[in-house]
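Data first, discussion second: the structure below is written as structure tokens.
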Amino acid sequence: MKLDWNQYLNKTLNITMFENYGVVYGKEKGEHPTFYEIVFKTGKLIQSFDDGLLLEAMREEKAYKIFVPYSSIKCAEIF
């Protein structure tokens, strides 16, 4: 079944992701990076593509665009 994500444009999505990892580098030179598991992505759905979804999220008063490939989505809650 293929879902028409366009019907949910401008809705908030809370996406639970399959195993995915990120990295944060320290502020000081030579500090080891910290790896962490990415479990959720949350944001407003602003566009859908053939291969994934584009979300917009606010963090520290800045807007960020997040692309989530369909292959990374385990489930999605729509608000």
Side-chain angles (χ1 to χ4, degrees):
M1 180 174 103
K2 188 171 182 175
L3 182 63
D4 178 15
W5 287 98
N6 290 315
Q7 66 182 333
Y8 301 110
L9 290 176
N10 296 313
K11 299 279 187 179
T12 299
L13 298 181
N14 185 23
I15 296 174
T16 302
M17 300 180 66
F18 285 110
E19 236 176 74
N20 198 353
Y21 293 90
V23 64
V24 175
Y25 292 95
K27 292 181 181 180
E28 296 183 28
K29 190 175 180 178
E31 191 174 334
H32 291 286
T34 302
F35 290 88
Y36 61 96
E37 186 175 3
I38 302 168
V39 181
F40 298 104
K41 288 289 183 190
T42 301
K44 181 173 67 172
L45 178 62
I46 58 173
Q47 196 167 358
S48 67
F49 299 96
D50 290 338
D51 55 349
L53 303 174
L54 187 63
L55 305 178
E56 184 176 71
M58 296 295 292
R59 185 174 38 190
E60 297 176 8
E61 298 181 22
K62 290 184 181 180
Y64 292 90
K65 290 186 173 48
I66 305 163
F67 179 76
V68 181
Y70 292 128
S71 61
S72 296
I73 299 173
K74 190 174 193 176
C75 74
E77 297 173 306
I78 304 166
F79 300 96

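Between L45 and L55 the shortest side-chain heavy-atom distance falls below 4.5 Å. No side-chain heavy atom of L53 sits less than 4.5 Å from a side-chain heavy atom of Y8.
Hydrophobic clustering of Ile, Leu, Val, Met, Phe, Trp and Tyr side chains at less than 4.5 Å, counting indirect connections, unites L3 with L9.
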Sequence neighbours excluded and cut-off under 3.5 Å, please list the side-chain donor-acceptor pairs for residues 63-76, or say none.
from	atom 1	to	atom 2	distance (Å)
Y70	OH	F49	O	2.9

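Across A57 and G43, no two heavy atoms sit closer than the pair CB-CA, 4.4 Å.
Annotation: the span from K44 atom NZ to L13 atom CG amounts to 11.5 Å, rounded to 0.5 Å. Atom OG1 of T42 sits about 8.5 Å away from atom CD of E77, to the nearest 0.5 Å. Distance check, rounded to the nearest 0.5 Å: CE of M17 to CD of E37 gives 10.0 Å.
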Would you check, one step at a time, whether the test side chain to side chain contact (heavy atoms under 4.5 Å, CB included) holds for I78 with T12? CA-CA 6 Å; I78 304 166; T12 299; over 6 Å; no
May I have the step-by-step check of side chain to side chain contact (heavy atoms under 4.5 Å, CB included) for F40 and I15, ending in yes or no? CA-CA 5 Å; F40 298 104; I15 296 174; over 6 Å; no
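Judged as a salt bridge (charged side-chain N to carboxylate O under 4.0 Å, His left out), and not counting sequence neighbours, K11 has no contacts.
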